[in-house]
Structure formats: structure tokens, C-alpha cells
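The sequence lines fix the lettering, A, B, ..., with proteins before strands; numbering per chain opens at 1. Atoms considered below: every heavy atom in the structure, side chains included; atoms not considered: hydrogens, waters and symmetry mates.
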Amino acid sequence: MLAHRQQKLAIVLFIVVGAALAVGLLLVALNEGINVFYTPTEVSAGDVSQGQNFRVGGMVKTGSLVKDGLDGTEVNFLATDFCNDILVSFSGPLPDLFREGQGVVADGALNEDGVFRATQILAKHDENYMSAEVKASLDAAETETAEVCHQ
Amino acid sequence: MLEGQGLFCERDDRVLFQHLDFSLSAGQVMQIQGSNGSGKTTLLRILCGLNTDYEGEILWNKQPIRKVRTEFRDTVFFLGHAPAINKSLSPTENLRWFCASRGVSDNGNIPAALATFGLAGYEDVPCYVMSAGQQRRVSLARMKLIAAKMWILDEPFTALDKRGVAELETMLATFVKEGGALMLTTHHPLQLQCPVEVLDLDRSNDEADSS
Amino acid sequence: MLEGQGLFCERDDRVLFQHLDFSLSAGQVMQIQGSNGSGKTTLLRILCGLNTDYEGEILWNKQPIRKVRTEFRDTVFFLGHAPAINKSLSPTENLRWFCASRGVSDNGNIPAALATFGLAGYEDVPCYVMSAGQQRRVSLARMKLIAAKMWILDEPFTALDKRGVAELETMLATFVKEGGALMLTTHHPLQLQCPVEVLDLDRSNDEADSS
Amino acid sequence: MMNNSRMGLGSVVVATVRRELLLAFRSPGDVINPLMFFIIAVTLFPLGGGADSAFLSGIASGVIWVTTLLAIMFSMESLFRADYEDGSLEQLLMSPQPLYFLLLAKVLSHWLIACLPILILAPVFAVMLAMPVAGILPLILGLLAGTPILCLLGAIGMALTVGLSRSGLLLAVLILPLYIPVLVFGTGMVSAALDSLPYTGLLALMGAMLVLAICLSPLAIAAALRISVN
Amino acid sequence: MMNNSRMGLGSVVVATVRRELLLAFRSPGDVINPLMFFIIAVTLFPLGGGADSAFLSGIASGVIWVTTLLAIMFSMESLFRADYEDGSLEQLLMSPQPLYFLLLAKVLSHWLIACLPILILAPVFAVMLAMPVAGILPLILGLLAGTPILCLLGAIGMALTVGLSRSGLLLAVLILPLYIPVLVFGTGMVSAALDSLPYTGLLALMGAMLVLAICLSPLAIAAALRISVN
Amino acid sequence: MPEFQFQSLAEFFAMGGYAKYVWSSYGVFALMIAYNLIQPVLAKRRIIKAQKARIQRNSA
Amino acid sequence: MWQWFLQLGSPRLFYSKTDRYLPWLSWITVILLGTGLAWGLAFTPPDYQMGENYRIAYIHVPMATLAMGCYAMMACFSAGYLIWKIKVADMIAKACAPIGASITAVALATGSLWGIPTWGTWWIWDARLTSTLIMLFLYVGIIALRSAFDSIDSGARACAVLSLVGVVNLPIIKYSVDWWNTLHQGASNLSLSDTAANPPEVWIPAFFVGFGVLGFFLIALILRTRNEILLRERRAQWVSDLVEGNQKESGHA
Ligand code: HEM
Ligand SMILES: Nc1ncnc2c1ncn2[C@@H]1O[C@H](COP(=O)(O)OP(=O)(O)OP(=O)(O)O)[C@@H](O)[C@H]1O
Ligand SMILES: Nc1ncnc2c1ncn2[C@@H]1O[C@H](COP(=O)(O)OP(=O)(O)OP(=O)(O)O)[C@@H](O)[C@H]1O
Ligand SMILES: [Mg+2]
Ligand SMILES: [Mg+2]
């Protein structure tokens, strides 16, 4: 009968050790960071090299948006994570939500001038929903809060 | 050793048996009888824990079987309709793995076990060249390899010829006389050298119906 | 009607039968006998053209059967071990397709045919809820739907209960009396109201062995 | 009592198709599983290859064709398996009706059941995979001509392996090589159209293959089935 | 006569692996069919999509991963089918040894038999599909960590469907959704490496999934098998 | 207190230019609800019909 | 409470109890859904960024939440069936699958429809969207698995195991927005202050719709479960009585 106990124990030990190992590996994974897109800080830190395709995500820096071209479909703007900026250029139709101060995800590659040439622009919405009046009153009351950089 | 209390089983809305009570102790033989489809196989599989759709209580050494599954499995040998022989392997290979999967070493007595069943010389031919009866014998040779205290056999005489049947009957009788418990189904008229208790599923069900 | 001359068949290097001769004419019954695995099913399938591994000559109305396959198939009804019943379909649907696949219209007498086999009321339930015996009856009901001159039946009594067996026997006898030819295998002692010719495969083979 | 009026060939074919459709209706897995396999397998590619639309549009026709092909091949399992196991196949082989048309009807029904839903969905997925609009029509035409060929060839393979208990990948190994020409022409049509070249030539070729397959493969299927029940 | 000396768990596992390898050696189809399927299916994609090397290198990792995944999934058929049919499965379930390790050993052997050959061939095909050299190592590492997960998950699906006579594409429908994360991370590793980014994070994640799969899936497989023999 | 946000019914249906998206979303939603309510009701009818047939068959 | 729960474990009691609760539940649902939808569609101020378009939220969010909730519920009942062999638990689990699948499909469809104007794409293979799609596939797989079994019990147990295996997907859906940088937004923070982001006039109608949709879900679930009970208990006397009663009713009408 002892043998059976031992067997049960073996299974339980196996699972416990496995779970511990899995947690360890998960921690490693989270430490490394698994991202769908890169922040401008990561880009300027040289995490990505020129010419390769990747996604960059950030905010459209207020006041940086320039529309070019006859019909205004050629746009240049700075994507920022409030620590670093990256110049993004794009031509084509833009999503509705694309505007200054709004989250953006761009698909493309860095060209030789260090400009991010986007092939697709996606607008990212944040978790805030409110009406225009509320937004206005909020803006008025808002005190400047320093953004904290995450490295 | 093994006891059933108020067993009830229905399959596809048909009651196979109900209020079924039996008890089997060491040194006893119990034959389950009944027409085709009366639920003999189902009953054996329920006792072995292969089927779980039943109601009632099964006791093993006076304890509910759920609690002593591993001990039960350790002391019981079950042989079902299918021979559990892989046709690509030889008898020796089949039996060696069987022993390993039961967690016992075969101690080199596989050839002896095969010889008991008249398979000397067939140790290393692949099973697919063997006739159904010979495959059955390989299957039965397992009984010689593990020290089970109880055998549960579903139609063990299938595919055996007359001599094979007689030999198996002697072997079963010896096992029982040495204190083993035996439970079997068979459509063949059993001729054992020891008293046989009969559990008739057709009858048990009819009685229950009429009651 | 059907004649075999010097039939020989071996399977997996085992001779099942050799020098087998027989002849069956309208109004006759022939029962193929033999132990398990003696080749009864194999013989029937050879006659039906489902098996082609044989030597010897089979004649249909005095002509080599190879040349008159279609006529042969048109007048023969074969029922094998398997019931040929799709379990997801109802008896009516099964039989309707059977008729269509034989190229005859069912003329609305499927319910009648089912009723003959005691299946009135079961026309439209899916076959998987029916017991093995009932499925067998659906299978047999085919005989009532096509005008075959010869029936070749492999263990037609399987899974039938006593009354079913008696009824089927009457039906077979009537068929033979009306001039049909019947060839069947069965392990069950046949009680037909007409003379039965027996073809014993065990004997034919033993004789051949000893000769 | 048995006043057997003969039926024409047409009605036999109709009866077969009806039976198969009825069966598909009873066990919806036959319809749904190939379709779901197609859907899931198509979504695997963007997951596996990256999802930018330039990349996707490049692989779109290939992915749709290959996935259709795999879905059809593995759906073949249900064509003869049940009939083989319950003995209906023997009855079919014993039937005085020409097997040729019966088998054609069976394969046709399989096409209706397993392929037509995929065919209907294929353009939707082509759009999801960012295939340019010019490619859609040749894709559909190609699939329309190609999938019956795939079914017929697959039926030969299935007929050969139906007697084996574990066919699985064996079927694939037997049949995939035969599928290659269809795949090449099918995707060729799309890429021709995307390069604004005419693709009628390829379509005609596909049509010719289809006609040949329809004419010849029932013979092969019948022969294979006779071997399998043996 | 029956002096049953007990064996340790280790030797039970070894015996199981030995048996499975022996079986694979006796019926080489189990080894060869998945491999052949992999080879044929991988070659389908260049045929279906055009063969310029820029295009190929774009799809290489996706194609190899998707094909491996399909090959493994369809090879699962041979894992429990034979044992189910000849009754060995019942004996296994009746064994007093812990099923947990027996099943683990079985799946491990299946991995050795069906996946290892593919793993060995995968880099060759990656080169043929013009994958840049930087992608080869993460491809191999990913497959090394990922294919056992695929085998374990596939075994759950197979255990659930082994009692059904017509499983066919059902297995695919059940299991492919569970395969998606492995595919995503596996190809993600390759593309990260090709972008000269670190992929250790993804590898660690895959490792975590592997460990979890090894620990937990035997429980699910055992439960599923008990249901299937019922 | 919430008040009607649109100047006219037409504007309401136009949804500020997003009619396509908003109304098809609500449409899909409505279809789903309808399906999930109607299907069981029809199924129940079918079951009861079959059940009656069974009872009749058994009593006959 | 426990007693009440146990009663629901008996098919017959489940049937009669739900008979009693269904009308109430229906009325509450109609009221909640009616006010919530009308409020959300017409009486909530448009979002300062997305304008009227964000009214899709009133369907998308509850559908997405419910899709996950339904899966969790199915898994719980599956576990209940596996452990305690409660037949009704399996019937409920069975009923969950098609409802959950259709709800997930709606969540995906509305998300896509919403994504076109806001994100600029209707589909992107990000973690949340992909894992939601996987959930849809899991639902379909479970339905397919059940229909493949002839035996009800085996099918039930097999589905239970599969749905429990699929539970790993739930935390991935829920936390994918936190674990990865997704295009999809993170979890919203709700506040009672009406100058905060997500002020009450935004989320109160959402609550109405949310509970309304929950009510609808329960109704659909109960209806399906009741059908399943009728089917499986068809041999029980009370079902026959019920059917006969039905006959009489329809006879009077
Ligand atoms: C096909 C695409 C989409 C899918 C599959 C999807 C899926 C989901 C899921 C699974 C949730 C989680 C619900 C919960 O945590 O209870 C969710 C929540 C949400 N989604 Fe989406 N979504 C999609 C598109 C969108 C779009 C385009 C938007 C708007 C820009 C959006 C806005 C939201 C919001 C506001 C929430 C509620 C978040 C919270 O408060 O926790 N979704 N979605
Ligand atoms: N897997 C199954 N699912 C549903 N019903 C089954 C299953 N297996 C058997 N049955 C039903 O259970 C009943 C009892 O079958 P069982 O195999 O126990 O009979 P048996 O007494 O062993 O018959 P036999 O003498 O033929 O061996 C049969 O009526 C059969 O229809
Ligand atoms: N498909 C097959 N391949 C090879 N050998 C076979 C095959 N089918 C049957 N056999 C062999 O042929 C022999 C005759 O089988 P057959 O089915 O004709 O016997 P039978 O007389 O009908 O027996 P039963 O009384 O059990 O029906 C058997 O010994 C069997 O091993
Ligand atoms: Mg039995
Ligand atoms: Mg026979």
C-alpha cells in the first residue's frame, strides 16, 4: 500500500515542481517583455534596426501633426511616449480617431533618415469615454501632471 | 472479497439490471448468465471500474471500491471481449509490456507461461500470423504472469478449441481451489471441478420488472 | 440456376475449401455448414462476386457468371453479416434508398414490408434507437421489396428472437415453394417445411485433406 | 405483391443525392467540420506569418487553395467509411444499377455537402486576407472547377484505403501528389488575373481536367471499392 | 511460481517507450507518413504561391510551423487508435501503475516517432524556403519546445475522440484552437530573431507552456480515455 | 436628466455618419437575440410533437 | 439557499421552478434592455472623440463580457457534472455552448464594425482579438464534439473535459490587454463623479444593458435547458402528463 502512496506523491511532486518551473519561466518571459509594438524610447535606444518592419505605438504629439499633399493625405507627425519622439510619415486614409493627443499604432520601417515610414496607421483608443462638455470642463480643471517615464 | 449492493444500470433508456445484489469471496466461482445484450459485459466492466454509469454500491474487502481502486487493480486481472494483443508484436513482446504496465517484472517466465497454453515455439512470431484461438491463448497467458487474487473473465472460452477449453477449465478450477476468486461470463456450458454460483441477469431483471 | 465446379479458395495460406462442387436450382434450399472460420461467408461472397480470390468455375443458368454479372445481380438478393442499415436514417429512408439503388421503385409498399417483420409503428424512428434484432428485421424487410429469384443469406437468424426465427423460417419456406432458390448459412438448427440440401465445408475440406 | 416498376438512371442518381443530403442533415458534423477546419486553418496563416496586408495578399490565393485542398482531403473519410462498416457498400456493389453513376452521384453529393460551403466562404476569406478584388473571380472559378476534381481524386484514395483501419495520413500521402496540378493551375489563375493577364487558358485546362476526372475516376473508384470489400 | 518483484516507475516508463518504438519500427507508416505529409505539404506552398525567394522567405517560418502542426495533429490518430481497438487501452486503465506517467511516456514516444524526424528536416526546408540564417536557430528552438506541447494537446483531443468511429476532421476542429498560441509564439520567435530582437522572452513563455502542458495534460488525457472506453 | 441627443429623427438614424456601423451592430445583436429566443420555442414544439407521436405509438 | 440549489438539480423541479420564474425574468429583461438600449442609443451624449459611433459600446462590451461569462459558467457546470454527476448541470452546460457561440460571434462582429472607423482596420491579430476568436472556435468545437457522440453520457463527459481544458483561454482574454501592448483598449475605470473619465451618464445605461443582456442570456439558457429536460426525461411520467396537458390546452384553444 505504501507503494501507491509513493506513486501519488510522485505525481503531486512532479506537478508542483512543474508549476514552480512554469512560474519561473513566466517571470523570465515577463521580464523580457513581449510586445506587439515598440515605444519610441525603445526605438531610439536602438532596439530595432533600419529597414526592418515593425510596429511603433505612442501618442500623436500635440502640435506636431502636419498634413501635406494636395488632398492632405500625406501626414507627418511625432509619435511620443513622453520621453522620446519619433517622426512618422504616412500617406493614405486615416482612421477617424486619429488626432493629436490620441494613441496611435503605426506599421512600417525606419528609412535611412531615421524617419518611420508607415504603411498602415491604426488609432488606439484609451479607456476614457466622455462627452465633449465633460471633456472641456475636465481640461479646464486639469492641472499639469508630470508624466512618468518607464524605461 | 467483492460485493455488489443494489446495483442498477440503464443504457440508452433500457434498464439492464436493477436491485442486483451479489457477493463473491475467495475460493468461489460466480458465473454471470443472460441472453445477448442482457448486460453481462456491462456488469463486469462496471465492477472493474471501466464503466461508471451505474447506481448502487460496490464493496471490495468491505470498503467502497472508489476508495481502494489502486489496491483493487493491483489484485484483479480482467480479460474482456478484445484480446488486448497488438498484432505487430510477438507474444513475448506483448506479455513483457503487459508485465511492465502492471509494474511487475516478468522474471523470465514468459516462455513458461506461453508453454502452459500450448504456445511453445511461438514466442517470437508476430501475432498477426496467429489464428484467433492462438491470439486468445496469448491473452490468457497473462494470468500466469501476475499474482492476481481475483480473475474477471468475459467469455474466456471464445475461439478456443475443445482441448483448449478443457485445459482452461482445469486451470480455472485450480485457481479457485488455491483460494482465488473467479467471476466469468460464458455462453458455453461450464464444467468446472468446483461449485459454481450463477447470477442470472435475465431473471434478476424479470423479477424486478414483475415486482 | 447456380452451379459451382471445382471451387478452391485459400486465405492467408490456409486452404478453406477445394474441389468443391454444388448445384442449386429453383425451388431448392441449400444450407452451407461448417465451424467458425471454415469459409462459409467466404463462399457466399465468392458466389456474389464480392470476393474474387478463388479458382474454379461458377455457372449461372449454365453460363460463366463473369459474363452475366448484371443479370445475376438483378435476380439475386444477398444479405451479409452486416445489416447494411445506416443508423442515422429511419427504416423507411433506408429501404427507399435500397430500392432506388437496385433501380426499382418502392411503390409505397415499404410500410407493408416493415409490418410483415413486426415493425409497424417504427417506420420513422432513426435506426440507432432500435435494438440489434430490430435492425436485423429492417434489413430482412428488403426481401419483400424486390422480386429476386434467389436469396443468398449469411446467418439471417442472427439477433432474432424465437418468434422472429419462426416467422422467418415460414417466409423462407414460402419463398422456396413459390419457386425461389435459397442458399444460406446458419449455426442454428434449421426447421424449414421443405427439404434442405446441406453443403458441409468442414467435411469437404477434411475429405480433401485426407485424399 | 412485388410489382417492381423499373426506375430510370436519373431517379437513381436523384435518390442517392437525396440520401446523402439527408445523412448530412442528420449528422451535421459532416458539413460543419470541413468548414470549421477551413476557417480555423485559414486563420492560422496570418497568425503564423504576420498580419500586414501586403504579406497577406501575397499568400492569399495559395493559402485558400491549400486549405481547401486539405479540408477536402480529410473530409473524404466520411465518404465511404460508414457504408463500408455497416455493409451498405456490399449492397451497392451487388446492385444491378451501373455503379458508375451511383458513385458519381455519391461524390457529387459529397461535393455539395463538404465543398460548397467552403466555396461560398472562400471569397469572404480572400477579402479578409486582403486579396485584391481582381483575384476574386478567378479564385471562385478555379475553385468551382477544381474542387470537384479534388473530390473525385480523393474518392479514389479513400476507396483504396477504406478497408484499412488506420488510414489517416496514408490517404494524404497517396492523394496529395495527385492534387498538385490542380493547385498549380488554380493559384496560377489568380496570379495571372492579378498581373492582369488572361486566365481563360488556365480555366479551360482546369475544365478539361474536370471533365476527364468526371469521366474516368468513377471507374477507378469502383475498381478500388471492389478491392477494398474483398 | 509468481514471485512478482515490483518495478520502479522509471522502468515502467522505459518499457512503454521501448514498446512504442518497437511498434513504430514494425509499422514504419507511423514514422514515414507524418514525415511525407510534412514534405509534400511544405512543397505545396511554393507551388501555390509563387517561388521568388523574397516571397518564400517571408512565409517560410509560417509555412513550416503550420505544416508541422497539421502533420502532428493528423499523426495523433495512431496514438491510441490501435490500443483502443484491440483492448490494450482497457488493460492500461486497469493497471495499478499511475496512468499519469504511462501516458506521459506514450506521448513522449509519439513525439520521438512522429515529430523528431520532422524536427530534423525542418531546418533543411527552412533553408530551401530561403529563410535567412538568423531565423534557423529560433525556429529549431521553437519547434523543440513547441512540438511536445502540440503532441500533448493533440493527445487530449485524440483521447476524447478515440471511441468515435468517424472522427475525421472533428479532431482538427477541437484541437486547432488550442494550437493557436503555440503557433503565434513559435513564429513570433522567428520573426523577432529576423528583426534582430531578443526572443528569449518568447522562448521562456513557450517553455512555461511546455512545462504546464507536461504537468497537466496527462490528467486530461487520462480523464478523456476513461470516458472513451466507457 | 438624460435628454434626447438628436435634433431630428433623421439625424438619429444617420448616427452622425456612422449609421452603417452602429445600426449593423444593433442589427446583428437583434438577430442573435431573435435566434436564441425563437430556436428553443420551435425546438420545444418539435419535441412535444415527437413526444405525442411516441405516446400514441406506445398506446396503440 | 442550498435547498433551493439542490432542487434545481432535479430536472423536474428545475422545470417547474423555472416555469414560475420565467415570466418575471422576461419582464425585467424587457424593461432593462429597453431602457438601456434606448438610453444608450439616443439619450447619452456622444463621446468627445468618437461621436455617435461609440454607441456600439452598449452592445459590444456586454456581449464580450457575457461571452466570457458564459464560458466560465459552462466550465463550472461541466465541473459540477463531472464531479457530482448532476444531470441538470450537464444540460445547462450543453445549453451554454450555442448561446455562448452566438454571443461571441456578436462580440466579434460588433468589435469589428467598431474597429473600422475608430482603429482604421476591422481586424488585427492582436492578443485580445485573437484569443476571443479562439473562444469562438472552442465553443464550436464543443458543440461539434457533443454531436459526434451517440451516447449522451459519454458526450457530456467528453464535452466537460474539453470545456475545462479551454478555461486556460479565459485569463488570456481578460488580461491580454494588460500583458501585451494591444490595439484594443484596456479595462475602463468607472467613477461616480460626473467630471471624471467615464462619467455615470456613460456607464449607467451600460449597466442597464448589461443586466438586460444577462437576463436575456438566462432566459435563453433556461429555454434550452427545459427543452433538453423534456427530451431526456421523455420516459418520465411527468413529461407525458405535461405533453398530454399541452394537448388539452391546444385542444381548448
Ligand atoms: C473584433 C474586435 C474586438 C474584439 C474581439 C473585442 C473583444 C473584447 C473583449 C473580449 C472585451 C472584454 C470584456 C470584459 O473584460 O468584460 C472587450 C471589452 C471592450 N472593448 Fe472590445 N473587442 C473588439 C473591438 C473593440 C473596438 C474596436 C473597441 C473600441 C475602440 C472596443 C472597445 C471595448 C471596450 C470599451 C471594452 C470594455 C473594456 C472594459 O471596460 O473592461 N473593442 N472587447
Ligand atoms: N457503448 C454502448 N453504448 C450504449 N449502449 C451499449 C453500449 N454497449 C452496449 N450497450 C447496450 O448495453 C446492453 C448490454 O450490452 P452487453 O455488452 O453488456 O451485453 P452482454 O450481456 O455482454 O451480451 P453478449 O452476450 O452479447 O456479450 C446492450 O443492449 C447494448 O445495446
Ligand atoms: N479479410 C480477410 N483477410 C484474410 N483472411 C480472412 C479475411 N476474412 C476472413 N478471413 C479468413 O478466412 C477464413 C474464413 O472466414 P469466413 O468468414 O468465411 O468464415 P465463416 O465460415 O463464415 O465463419 P463464421 O461461422 O464465424 O461466420 C477465416 O479463417 C478467416 O481467418
Ligand atoms: Mg458480452
Ligand atoms: Mg460467417
Side-chain angles (χ1 to χ4, degrees), chain D residues 27 29-30 32-41 43-50 52 54-55 58-67 69-71 74-78 81-82 85 114 164-177 179-181 183-184 186-188 190-191, chain E residues 27 29-30 32-41 43-50 52 54-55 58-67 69-71 74-78 81-82 85 114 164-177 179-181 183-184 186-188 190-191:
Chain D
S27 58
D30 289 354
I32 291 173
N33 289 347
L35 192 64
M36 279 310 295
F37 174 79
F38 176 79
I39 294 174
I40 301 176
T43 56
L44 288 183
F45 288 94
L47 286 172
D52 68 294
F55 167 77
I59 59 165
S61 75
V63 163
I64 289 183
W65 263 101
V66 171
T67 320
L69 189 150
L70 292 175
F74 288 110
S75 76
M76 279 297 143
E77 188 77 12
S78 69
R81 177 73 60 204
E85 277 165 6
L164 309 172
S165 58
R166 293 197 275 163
S167 40
L169 283 175
L170 177 61
L171 179 66
V173 173
L174 290 182
I175 287 301
L176 277 185
Y179 277 6
I180 289 179
L183 175 70
V184 171
T187 52
V190 177
S191 56
Chain E
S27 58
D30 288 353
I32 290 174
N33 288 345
L35 195 63
M36 284 304 296
F37 175 80
F38 176 78
I39 295 174
I40 300 176
T43 53
L44 286 183
F45 288 96
L47 288 173
D52 67 296
F55 169 76
I59 60 167
S61 77
V63 162
I64 289 183
W65 262 101
V66 171
T67 321
L69 188 152
L70 292 176
F74 288 112
S75 77
M76 279 298 142
E77 188 77 11
S78 68
R81 178 73 64 200
E85 277 165 6
L164 304 172
S165 56
R166 294 198 276 165
S167 42
L169 283 175
L170 177 63
L171 178 66
V173 172
L174 297 184
I175 286 304
L176 281 185
Y179 277 9
I180 288 179
L183 176 70
V184 170
T187 54
V190 177
S191 56

Sequence neighbours left out, what passes ring-ring contact (aromatic ring centres under 6.0 Å, His included) with D:F37? Give chain and number order.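 For D:F37, no residue satisfies ring-ring contact (aromatic ring centres under 6.0 Å, His included) once neighbours in sequence are set aside.
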
What pairs with E:Y179 under ring-ring contact (aromatic ring centres under 6.0 Å, His included), at least two apart in sequence or on another chain? none

Anything under 30° is parallel, anything over 60° is perpendicular, the rest tilted; go ahead and classify E:F45 against D:F45.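 Rings of E:F45 and D:F45: tilted, 30 to 60°.
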
Pick one of side chain, backbone, both or neither for [X], based on which atoms fall under 4.5 Å of a heavy atom in chain D.
X      : value
E:S191 : neither
E:V173 : both
E:A71  : backbone
E:I39  : neither
E:L70  : side chain

Spacing of E:L169 atom CG and D:M76 atom CE [to the nearest 0.5 Å]: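 These two atoms lie 10.5 Å from each other.
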
One should read off an interatomic distance between E:L170 CG and D:E77 CD, to the nearest 0.5 angstrom, of 12.0 Å

Between E:V184, E:I59, E:T43, E:L69, which residue shows the highest count of heavy-atom pairs closer than 4.5 Å to chain D? E:I59

